[in-house]
Amino acid sequence: IIVTTEGESLAVARFLADPDHREARAAFAAAYPSWRAAVGDLADFAAIAARSSNLDAVVEAMTEAARRKVPCAFLIDGACSIYPARPNVCRKAHALDSPDPCQAPVEQRAPEVLYFLPIEQFMTNLVPLNVAMHRALRGAAAAAEPLCDAVHRLLEDERRGAAVGRNEPCPCGSGAKYKRCCGA
């Protein structure tokens, strides 16, 4: 379970919306229901923990998902299908040169976070930008959510978006008109 902000989730959804990534989108659409059923309440627990900025509880949910051996819904034959658009937490914690860390760990623990001072400082500097982007896209009250849930929601909104008028509120929940938001 990877919890992300709206901007990172939107980057993944747009990556999957590209016709060149049709196979990855279809694989995610097929894998998502099984992933959601397998993580069940853990995804909700992680979202609540993220809303209250309880990093320990987010890690606890991630660790329990690993115990349940729930693979990421973005894996295709063991490889990350969204590697070029993967969220920053994946860039920091794992998935640098191999998809192996994306698999459920053999040990009963969460993946280790890599520590390299320049990357650590860069990621720390990105947090305010990600939070500001999230608030601009979803509103101040919306919390971060598990990546798979967010991307599924965004892809469903896109699928239904064809019926949204240009001057109607955007279905992403930003409050902006569709033509100035996701329809741009």
Side-chain angles (χ1 to χ4, degrees), residues 1-18 20-21 24-25 28 32 35 39 42-63 65-66 71-75 79-103 105 109-155 157-158 170 172-176 180-182 184:
I1 298 174
I2 300 294
V3 177
T4 61
T5 57
E6 189 72 359
E8 291 186 304
S9 301
L10 188 57
V12 172
R14 287 187 173 164
F15 176 84
L16 292 174
D18 185 320
D20 291 343
H21 305 119
R25 182 178 180 152
F28 171 70
Y32 176 78
W35 176 86
V39 297
L42 289 178
D44 301 326
F45 179 76
I48 292 167
R51 184 174 293 120
S52 62
S53 300
N54 186 343
L55 183 59
D56 291 337
V58 172
V59 170
E60 183 181 327
M62 190 170 95
T63 303
C72 178
F74 293 108
L75 291 176
C80 179
S81 64
I82 60 165
Y83 191 82
R86 69 196 185 282
N88 287 327
V89 70
C90 293
R91 293 173 192 274
K92 180 180 172 186
H94 49 242
L96 296 176
D97 60 359
S98 161
D100 293 342
C102 295
Q103 306 292 336
R109 60 178 177 76
E112 291 182 25
V113 172
L114 303 174
Y115 184 80
F116 179 61
L117 187 57
I119 293 175
E120 189 69 27
Q121 290 171 337
F122 178 74
M123 294 298 185
T124 299
N125 291 339
L126 281 179
V127 170
L129 178 62
N130 279 336
V131 169
M133 187 182 323
H134 181 80
R135 288 180 177 163
L137 291 169
R138 297 282 322 265
E145 61 187 311
L147 177 65
C148 292
D149 286 341
V151 170
H152 181 263
R153 172 182 50 78
L154 288 165
L155 292 174
D157 287 351
E158 175 205 358
C170 188
C172 78
S174 69
R180 300 209 186 275
C181 192
C182 295

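- Ile82 has its side chain out of reach of Val151: every pair of non-hydrogen atoms, C-beta onward, lies at least 4.5 Å apart.
- Closest approach of Ala85 and Ala11 over heavy atoms only: CB-O, 4.1 Å.
- Residues Ala65 and Leu42 share a closest heavy-atom pair of N-CD1, 3.6 Å.
- Qualifying side-chain contact (heavy atoms from CB on, under 4.5 Å) partners for Ser81, counting only residues two or more places apart in sequence or in other chains: Ala24, Phe74, Ile76.
- When side chains are defined from C-beta on, Asn54 does not count as touching Val58, because their heavy atoms never get closer than 4.5 Å.
- Of all heavy-atom pairs spanning Ala144 and Thr4, the tightest one is CB-O, 3.2 Å.
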Verdict with supporting geometry, Glu6 and Glu145, side-chain contact (heavy atoms from CB on, under 4.5 Å): CA-CA 8 Å; Glu6 189 72 359; Glu145 61 187 311; 4.1 Å; yes

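- Looking only at side-chain heavy atoms (C-beta outward), Arg138 and His134 come within less than 4.5 Å of each other.
- Residues Asp56 and Glu60 form no side-chain contact, since every pair of their non-hydrogen atoms from C-beta on lies 4.5 Å or further apart.
- Here the closest heavy-atom approach between residue Pro128 and residue Thr124 is recorded as CD-O, 3.5 Å.
- Remark: Arg86 qualifies as a cation-pi partner of Tyr83 under the 6.0 Å distance and 45° angle criteria applied to the six-membered ring.
- Exactly one of Leu10, Asn88, Leu126, Asn130 qualifies for a side chain to side chain contact (heavy atoms under 4.5 Å, CB included) with Thr5. That residue is Asn130.
- Closest non-hydrogen pair, His21 versus Phe15, comes out as ND1-O, 2.8 Å.
- Atom CG of Asp18 is separated from atom CZ of Arg14 by 12.0 Å, given to the nearest 0.5 angstrom.
- Across all their heavy atoms, Asp149 and Ala43 have their closest contact at OD2-CB, 3.6 Å.
- A 4.5 Å side-chain heavy-atom check between Ile1 and Trp35 finds at least one atom pair inside the cut-off.
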